[in-house]
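Counting begins at 1 with the first residue of the sequence.
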Amino acid sequence: MAYFFVGMAGFLGASFRYIIGIVLYDADVYFPFSTLFVNLLGSFFLAWFTFELFNKFSLSSKMEVAIGTGFVGSFTTFSTLSIETVLMLEKGITSWL
């Protein structure tokens with residue numbers, strides 16, 4: 001049953017990540033600021049969830065895994081940063097401004 005919670009939270013995290021990527025996309029800027037923003041925000045959320053939310057409320061271990069691994073794990077994606085870096089290198093972009 002934990003897999004179901006992780007999957008549903010992962011769906012939500014990936015959806016939010018996609019929406020933020022669309023909202024912050026700027027074709028004139030070569031640096032992937034949306035990915036940087038999402039990864040910084042996700043790191044903050046994971047720390048806040050771990051040290052504030054989980055300590056104040058007694059959540060089940062399934063919900064903790066769903067939030068931490070499912071939502072935040074799919075919200076912050078290192079693979080997206082890797083792909084965008086490789087695309088920048090392939091295009092020969094050495095300056096991001």
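Under the 4.5 Å side-chain heavy-atom criterion for grouping Ile, Leu, Val, Met, Phe, Trp and Tyr, F4 is not connected to V6 through any hydrophobic cluster. In the hydrophobic clustering of this structure, V72 does not group with Y3; members are Ile, Leu, Val, Met, Phe, Trp, Tyr whose side-chain heavy atoms approach within less than 4.5 Å, directly or through other members. A single hydrophobic cluster is not seen to contain both Y18 and F75; linkage of ILVMFWY side chains at heavy-atom distances under 4.5 Å, directly or through other members, places them apart. Under the 4.5 Å side-chain heavy-atom criterion for grouping Ile, Leu, Val, Met, Phe, Trp and Tyr, F57 is connected to I67 within one hydrophobic cluster. Under a hydrophobic-cluster definition in which Ile, Leu, Val, Met, Phe, Trp and Tyr are linked whenever side-chain heavy atoms come within less than 4.5 Å, directly or via other members, L87 and V38 are assigned to different clusters.
To the nearest 0.5 Å, atoms CG (L41) and CG (L36) are separated by 11.0 Å. Taking CG of L59 as the start and CZ of F49 as the end, the distance is 10.0 Å to the nearest 0.5 Å. The distance from the CG atom of L40 to the CZ atom of F45 is 12.0 Å, given to the nearest 0.5 Å. For the atom pair S15 OG and I20 CD1, the distance stands at 11.0 Å (nearest 0.5 Å). Summarising the geometry, atom CZ belonging to F11 is positioned 10.0 Å from atom CZ belonging to F16; distances are rounded to the nearest 0.5 Å.
Judged by distance alone, the side chain of S74 and the main-chain N or O of F71 form a donor-acceptor pair under 3.5 Å.
Side-chain contact between M8 and F5: absent, with no pair of heavy atoms (C-beta onward) separated by less than 4.5 Å. No side-chain heavy atom of E64 sits less than 4.5 Å from a side-chain heavy atom of T50.
A donor-acceptor contact under 3.5 angstrom links the side chains of T35 and R17, judged on distance only.
Looking at every heavy atom in both residues, A66 comes nearest to A9 through O-CB, 3.1 Å.
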